[in-house]
**Q** 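Structure below; questions to follow.
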Amino acid sequence: MKHLLKLLDLSREDIRQILDTADQMKYCLKHGIPHNYLQGKSLAMIFEKNSTRTRVSFEVGMYHLGGHALFLSGKESQIGRGEPVQDTSRVLSRYCNGIMIRTFAQDEVEELARLSSIPVINGLTDFCHPCQVLADLMTVREKKARLEGLKLAYVGDGNNMANSLIVGGLKCGMDVSVACPEGYEPDPRVLDFAKTVTDAKFELVRTPPEAVVDADVVVTDVWASMGQESEREIRRKAFAGYCIDSELMKLTHPGCMVQHCLPAHKGEEITEEVFEAHADEIFEEAENRLHAQKAVLYLLMRD
Ligand code: CP
Ligand code: NVA
């Protein structure tokens, strides 16, 4: 593994190695065991979209590992004035040891990685959110002690989260069921990948009850992602009925978890009641961003 651009690039073994390392990172932090494996190393963090969790967890993670992280806002750096990603990549490769980028187009991240001589990590694009889903898988494995054979149900927009959950879940042997309205399906590349999987089941359905029946984990995300703010009203109508509420949760397997990458729009994709009933799992998921990303940083940036 040279970069983390999308989960489609990773094998089941790569994901297992990241999750095992993430568990070790969490153990070290909780027990005060030093783990400053990236001493003297720097991570450039390019943000062309807003962030709370990704920015803080990468920055704190680099600090724990003995290195340091620099925040580069798309707007304030020369990227915002049109300096090509090809040049930015070659410049950052000479100062830093890794690049984390949050942007719109997946192609921009792939191009950055192609030209960079240092590892590139995708901190969210319109296509996928691999770091988040690694944290989600870590959280589920932590609570359920396994991933293979569990059923993950995703209800809502076929967006970056849906794409990464389908790929990550299936690669880890989970059955994945997705409910979304017509016109809001996951990316065709992801649906094509799902067709090739033989040791786990995938289904795309139209109604939330069909997706969540007997689920071990229910996941949702906002109806309008960053960059889609102008579609908020249209989407609010299109997604009516796609809310995770307590009636829907009654159809799931006993002990079913709920995951949400956050920020959540309570009253839209999830009710306040379900959110609060599963808040411990949701905030553990947020915490696990730190541990999972430290694992990725270590595996990609160690000597
Ligand atoms: N879940 C997530 O990526 O959060 P931020 O947008 O706050 O980074
Ligand atoms: N789908 C959301 C995820 C935010 C972490 C977005 O792209 O805005």
Side-chain angles (χ1 to χ4, degrees), residues 4-7 22 43 45-62 69 71-75 99-106 108-109 121-140 154-169 178-181 184-187 190 217-232 234-236 238-239 242-244 258-266 268-270 275 278-279 281-294 296-297:
L4 175 61
L5 308 180
K6 55 187 182 300
L7 295 182
L43 177 76
M45 306 190 299
I46 304 171
F47 283 95
E48 300 200 62
K49 286 177 174 172
N50 291 34
S51 171
T52 298
R53 280 144 289 269
T54 305
R55 178 178 176 181
V56 176
S57 54
F58 267 106
E59 191 160 336
V60 171
M62 276 304 288
F71 173 73
L72 294 168
S73 135
K75 283 193 199 85
I99 303 172
M100 193 287 301
I101 178 165
R102 165 170 287 197
T103 189
F104 296 85
Q106 179 72 17
E108 186 181 336
V109 178
I121 300 170
N122 182 343
L124 179 145
T125 58
D126 293 345
F127 175 62
C128 64
H129 199 358
C131 293
Q132 179 67 54
V133 168
L134 289 169
D136 297 7
L137 294 171
M138 176 184 178
T139 313
V140 174
Y154 177 88
V155 174
D157 188 20
N159 62 12
N160 42 16
M161 277 303 298
N163 290 335
S164 288
L165 283 163
I166 294 168
V167 177
V178 172
C180 66
Y184 295 94
E185 289 81 10
D187 192 279
V190 167
V217 195
V218 170
V219 192
T220 188
D221 186 18
V222 291
W223 294 340
S225 286
M226 289 182 275
Q228 297 172 332
E229 289 78 7
S230 64
E231 296 173 34
R232 196 145 181 216
I234 300 168
R235 285 174 167 266
R236 218 199 287 264
F239 287 98
Y242 285 78
C243 177
I244 310 286
V258 173
Q259 297 278 268
H260 193 308
C261 64
L262 304 174
H265 287 131
K266 294 172 214 167
E268 290 193 6
E269 74 273 7
I270 190 165
F275 184 93
H278 292 271
E281 292 154 14
I282 293 169
F283 290 105
E284 194 74 35
E285 173 191 12
E287 177 187 324
N288 284 341
R289 292 292 303 277
L290 173 68
H291 311 299
Q293 286 159 198
K294 281 167 71 178
V296 170
L297 291 165

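All heavy atoms count here, side chains included; hydrogens, waters and symmetry mates do not. For ligands, and for the atoms within them, numbers begin at 1 and follow the listed sequence.
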**Q** Report yes if the side chains of Val258 and Ile270 come closer than 4.5 Å at any heavy-atom pair, otherwise no.
**A**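 Of all side-chain heavy-atom pairs linking Ile270 with Val258, at least one is under 4.5 Å.
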**Q** Considering only non-hydrogen protein atoms, determine which one is nearest to atom 6 (O) of ligand 1 and report residue, atom name and distance to 0.1 Å.
**A**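 Going by distance alone, atom 6 (O) of ligand 1 is nearest to Arg102 NH1, 2.8 Å.
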**Q** Report, in ascending order of atom number, the atoms of ligand 2 lying under 4.0 Å from any heavy atom of Leu262.
**A**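 Once the distances to Leu262 are compared, the set is 5 (C).
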**Q** With backbone taken as N, CA, C and O and side chain as the heavy atoms from C-beta onward, which portion of Asn160 lies under 4.0 Å from ligand 2: side chain, backbone, both, or neither?
**A**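 The side chain, only.
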**Q** About how many Å separate CG of Leu124 and OG1 of Thr54, when rounded to the nearest 0.5 Å?
**A**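 Nearest 0.5 Å value for the OG1-CG distance: 7.0 Å.
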**Q** Give yes or no for whether the N/O distance cutoff of 3.5 Å, strictly under, is met between Arg55 and ligand 1.
**A**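 No: no nitrogen or oxygen of Arg55 is under 3.5 Å from one in ligand 1.
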**Q** Which heavy atom of the protein is the closest neighbour of atom 2 (C) of ligand 1, given with residue, atom name and distance?
**A**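 Answer for atom 2 (C) of ligand 1: Arg289 NH1, 3.3 Å.
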**Q** So, Thr103 versus Glu108: side-chain donor-acceptor pair below 3.5 Å or not?
**A**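 There is such a pair (donor and acceptor under 3.5 Å, judged by atom type) between the side chains of Thr103 and Glu108.
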**Q** Using a 4.0 Å cut-off to any heavy atom of Leu124, which atoms of ligand 2 qualify?
**A**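 Taking each heavy atom of Leu124 in turn, ligand 2 has 3 (C), 4 (C), 5 (C), 7 (O) under 4.0 Å.
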**Q** Would you say Met100 and Phe47 make side-chain contact, with heavy atoms under 4.5 Å?
**A**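 Counting from C-beta outward, Met100 and Phe47 do come under 4.5 Å.
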**Q** Considering only heavy atoms of Met226, which atoms of ligand 2 have at least one such atom less than 4.0 Å away?
**A**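 That gives atoms 6 (C), 7 (O), 8 (O) of ligand 2.
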**Q** Ligand 2 and Asp221, any nitrogen or oxygen pair closer than 3.5 angstrom?
**A**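 Such a contact does occur with ligand 2.
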**Q** Suppose we measure from atom 7 (O) of ligand 1 to each protein heavy atom; which comes out shortest, and what is that distance?
**A**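 Protein heavy atom at minimum distance: Thr52 N, 2.7 Å.
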**Q** Test side-chain hydrogen bond (donor to acceptor under 3.5 Å, both in side chains) on Asn163 and Tyr154 and set out the steps.
**A** CA-CA 10 Å; Asn163 290 335; Tyr154 177 88; over 6 Å; no
**Q** Would you mind reporting whether Leu4 and Leu134 have side-chain heavy atoms less than 4.5 Å apart?
**A**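 Touching, per the 4.5 Å side-chain cut-off.
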**Q** In the structure I gave you, are the side-chain heavy atoms of Val167 and Val190 within less than 4.5 Å of one another anywhere?
**A**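 Sidechains of Val190 and Val167: in contact.
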**Q** Within the 3.5 Å criterion, strictly below it, is a donor on Gln106 or Asn122 matched to an acceptor on the partner's side chain?
**A**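 Yes.
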**Q** Any idea which of His260, Met161, Glu285, His129 brings a heavy atom closest to atom 3 (O) of ligand 1?
**A**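 The nearest heavy atom belongs to His129.
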**Q** Does Cys261 reach ligand 1 with a nitrogen or oxygen that is under 3.5 Å from one of the ligand's nitrogen or oxygen atoms?
**A**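 There is such a contact, yes.
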**Q** For Lys49 and ligand 2, does the shortest N/O to N/O distance drop below 3.5 Å?
**A**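 No, no N or O pair falls under 3.5 Å.
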**Q** Given side chains that start at C-beta, do those of Phe283 and Leu262 come closer than 4.5 Å, heavy atoms only?
**A**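 Yes. Closest side-chain heavy atoms under 4.5 Å.
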**Q** Can you pull out the closest protein heavy atom to atom 4 (O) of ligand 1? Residue, atom name and distance to 0.1 Å, please.
**A**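 Protein heavy atom at minimum distance: Arg53 NE, 2.8 Å.
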**Q** Just jot down the ligand 1 atoms closer than 4.0 angstrom to any heavy atom of Leu262, in number order.
**A**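 Reading through ligand 1 atom by atom, the close ones are 1 (N), 2 (C), 4 (O).
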